[in-house]
K.L.:
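Following this message is one structure expressed as structure tokens.
Not measured: the values here are computed from a predicted model. Chain A is the first sequence line, chain B the second, and so forth, proteins listed ahead of strands; every chain is numbered from 1.
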Amino acid sequence: MTALAPAVTVAPSRRLSPLTAVANTLTLTWRSLLKLRTNPEDIFGLVLTPVMYLLLFTYLFGGAISGNVHNYLQFELPGILVLAVIFSTLGTGQALSEDIRTGVFDRFRSLPISRSAPLAGAVLGDVTRYALSVAITLAFGMLLGFRIQASPLAAAAACLLVLVFALSMCWLSALLGLVSGSARGVQWIGSLIYFPLTFGSNVLVPTDKLPGWLQAFVKGNPLTFLTEAERGLLVGGPVAPAVIRTLLWSLGLFLVFAPLAVQVYRRRT
Amino acid sequence: MNGQTPAKDHDGIAIEVHGLVKRFGKTTALDGVDLTARTGTVLGLLGPNGAGKTTVVRTLATLIRPDAGTATVLGYDVQRDAHPVRQLVGLTGQYASVDELLSGLNNLVMIGRLLGISRGEAKARAAELLERFDLTEAARRPAKTYSGGMRRRLDLAASLVGRPRVLFLDEPTTGLDPRSRNELWSIVRGLTADGVTVLLTTQYLEEADQLCHDITVIDKGQVIATGTPDELKAKVSGQVLAVTPADPGRVPQIEDILTQRHRLAPATSPDSGTVTVAVPDSALVPALVRELDEAGIGIEELALRKPSLDEVFLALTGNRAPEPEGIPQ
């Protein structure tokens, strides 16, 4: 029974060192990324969603909105980038609710590890997923004929900006995951919030082609600013106001939802 | 560096719980529970569904905070010293809490890494446990492809990665086939032989009888009996008479005689057609046999024996004893 014999000699430590907390977080980031490798459906969703969006919207709306497909692709791709990444943030909440449902969270909580590591590890792992989603959207878009017209540096900034925004949004998703109790619940409530937010923006259609009342909503929607910033950084045009507004929104969303999620998580802990 | 605290003196007592109270909204899940587990023994926490067994375990594993009362594990208070307690205990919940998307191997490596073991050591420890729990062949498959028994074994392995000195098992054999159940029992016996203290909740009286050194019976959040299995059996006075008629159709008649003439409370097993009844005084038995004979009821089998733990449970809780299905004899 040597495999099971208990450790007898070491006295338990009183407190957790900050270094341990970092190590715990990295281990759980590793875990989150491992799933990407071992779970084909996950990869499928991550790859196919932007590909499907691009094919569908480009050829469905291209002619009608921009006269031809190429012009529309130049207009729409920055928006699809936003769409793909924002929807992939739903995965954060789904994974969390799944961990709660299966009892994996209880297992973590019974271990002598940092209380915040499961949450922080999940979010860090997901940022990698978002980056993948950005890369796939850009690569497939370019395959269809999208051309980056701004400098490479600006393009890199575009990728970074959408990731920053996603990092804020994923706290909303995490909150949904912590309160809803099931992956399906996250999908449901998430869709109710995400659909108006994403499609009720300038992602697919220029704002001036919309009826007045809708314009008012679209103009206040943070995703409109993000999309404007992405367009500026990828194909040229005014950038600074949209970027600043996007960053302010990111900060605001983060300041509201991250503490709320942590609060709910702590109460469960 | 982590501040080390000296091991506390706890006089051979691994788990001590006093006056534990826990409310969920208006429901009182625990209403002043006391229990004690001696180091290196198995304490069985027995009770029907909803009795509060899981709440006790979750409190001891630092997952929930009690509203009143104290609980210590190896001398550490589960509320004040939660971090030290977590270093000493292992938990296997009612449902196998493994990451279904990760392989068995990676599940265990992850726990090892979280406990601060190096990658190499974590892998070696995982391999060792997988071998011990007969999961080596499935080590690299995602846990979602495992059978129920395999998941339970993986879950138990996960709670043993850190070599805990106290192990909580919440209904560890519910839903397991007899072979897996026997394996689990032998693992638990091996653990206690190594000095591990086990707190095990169960609805199965046979399990408690086989495995536990001490038993605490709880019902509706209160302790209703404590003792060794033998002591508990002795608490129910008298003996049990079991009558099996040659013709199962005569069972109702036997029941009538017992309830109406003798004011006894018989119970009938529908499978075997055996009527069992607690008899306060064995002098009653000859009279009963005569009455059955006069009624012309042919008897296939008749036995007078000490009460089983099931009957003790029935007498203590006034409830129906838990269904022993899933524990085939």
Side-chain angles (χ1 to χ4, degrees), chain A residues 1-43 94-95 98-115 117-118 121-122 267-269, chain B residues 1-8 58 61-63 74 76 81-103 106-107 110-111 113-116 125 128-129 131-133 142 155 158-160 162-168 187 190-191 193-196:
Chain A
M1 298 303 287
T2 50
L4 309 179
V8 204
T9 45
V10 193
S13 70
R14 269 285 166 202
R15 282 265 123 277
L16 197 89
S17 79
L19 226 65
T20 312
V22 173
N24 292 161
T25 303
L26 289 179
T27 299
L28 291 171
T29 309
W30 165 77
R31 167 208 180 215
S32 163
L33 291 178
L34 207 58
K35 288 187 188 183
L36 212 57
R37 253 185 29 210
T38 54
N39 194 19
E41 303 120 64
D42 206 26
I43 288 274
Q94 284 175 319
E98 204 57 10
D99 278 351
I100 292 170
R101 189 186 62 80
T102 56
V104 171
F105 245 63
D106 281 350
R107 154 92 56 218
F108 290 153
R109 289 171 47 209
S110 74
L111 294 174
I113 62 170
S114 149
R115 300 287 87 190
R267 202 169 329 136
R268 294 195 79 110
T269 310
Chain B
M1 282 306 294
N2 289 337
Q4 300 280 306
T5 42
K8 294 192 177 179
R58 291 176 66 84
T62 74
L63 296 182
L74 297 170
Y76 291 98
D81 307 319
H83 189 62
V85 169
R86 289 178 188 132
Q87 293 164 71
L88 296 166
V89 305
L91 168 68
T92 292
Q94 225 171 94
Y95 306 99
S97 46
V98 295
D99 189 331
E100 299 186 343
L101 299 176
L102 296 191
S103 67
N106 279 331
N107 261 292
M110 171 179 75
I111 305 278
R113 296 288 288 147
L114 286 173
L115 293 173
R125 178 81 182 131
E128 188 183 14
L129 284 165
E131 177 72 40
R132 175 69 187 79
F133 287 92
D155 193 23
S159 60
L160 293 173
R163 300 180 189 273
R165 290 169 60 189
V166 173
L167 186 64
F168 303 121
I187 289 164
L191 283 165
D194 282 342
V196 177

K.L.:
Indicate yes or no: at least one non-hydrogen side-chain atom of A/Phe105 is less than 4.5 angstrom from one of B/Leu63.
P.N.:
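Answer no - side chains too far apart.
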K.L.:
Output the distance between atom OG1 (A/Thr20) and atom CG (B/Leu115), rounded to the nearest 0.5 Å.
P.N.:
11.0 Å
K.L.:
Return the CG to OG1 distance between B/Asp99 and A/Thr102, rounded to the nearest 0.5 Å.
P.N.:
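Here the interatomic distance stands at 7.0 Å.
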K.L.:
Within the 4.5 Å heavy-atom criterion, are B/Arg86 and A/Leu111 side-chain neighbours or not?
P.N.:
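Contact flag for B/Arg86/A/Leu111 side chains = no.
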K.L.:
Can we say B/Asp155 and A/Arg107 salt-bridge, meaning some charged N sits less than 4.0 Å from an Asp/Glu carboxylate O?
P.N.:
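Salt bridge: yes.
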K.L.:
Is it the backbone or the side chain of B/Ala193 that comes under 4.5 Å from a heavy atom of chain A, or both, or neither?
P.N.:
neither
K.L.:
For the residue pair B/Leu114 and A/Leu28, what are the closest heavy atoms and their distance?
P.N.:
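Shortest heavy-atom separation between B/Leu114 and A/Leu28 comes out as CD2-CG, 3.9 Å.
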K.L.:
Check whether A/Ser110 gets within reach of chain B through its side chain, its backbone, both or neither, counting any heavy atom under 4.5 Å.
P.N.:
both
K.L.:
For the residue pair A/Val104 and B/Val98, establish whether any side-chain heavy-atom pair is separated by less than 4.5 Å.
P.N.:
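No. Closest side-chain heavy atoms not under 4.5 Å.
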K.L.:
Does any backbone or side-chain atom of B/Ser159 lie under 4.5 Å from a heavy atom of chain A? Answer side chain, backbone, both or neither.
P.N.:
both
K.L.:
So how far is it from B/Arg113 CZ to A/Trp30 CH2, rounded to the nearest 0.5 Å?
P.N.:
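The distance works out to 8.0 Å.
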K.L.:
Determine, stepwise, if the pair B/Thr62 / A/Arg109 fulfils side-chain contact (heavy atoms from CB on, under 4.5 Å).
P.N.:
CA-CA 8 Å; B/Thr62 74; A/Arg109 289 171 47 209; over 6 Å; no
K.L.:
Can you name the nearest heavy-atom pair linking A/Gly103 to B/Ser97, along with the distance?
P.N.:
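Minimum heavy-atom contact is O-CB, 3.1 Å.
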K.L.:
Less than 4.5 Å apart, any side-chain heavy atom of B/Arg58 and any of A/Asp106?
P.N.:
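Yes, close enough: below the 4.5 Å cut-off.
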K.L.:
Heavy-atom pairs under 4.5 Å with chain A are the metric here; pick the option from B/Thr92, B/Ile111, B/Val89 that has the most.
P.N.:
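Option with the top pair count is B/Ile111.
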K.L.:
In terms of heavy-atom pairs under 4.5 Å, which option from B/Asn107, B/Leu91, B/Leu167 contacts chain A the most?
P.N.:
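Heavy-atom pairs under 4.5 Å are most numerous for B/Leu91.
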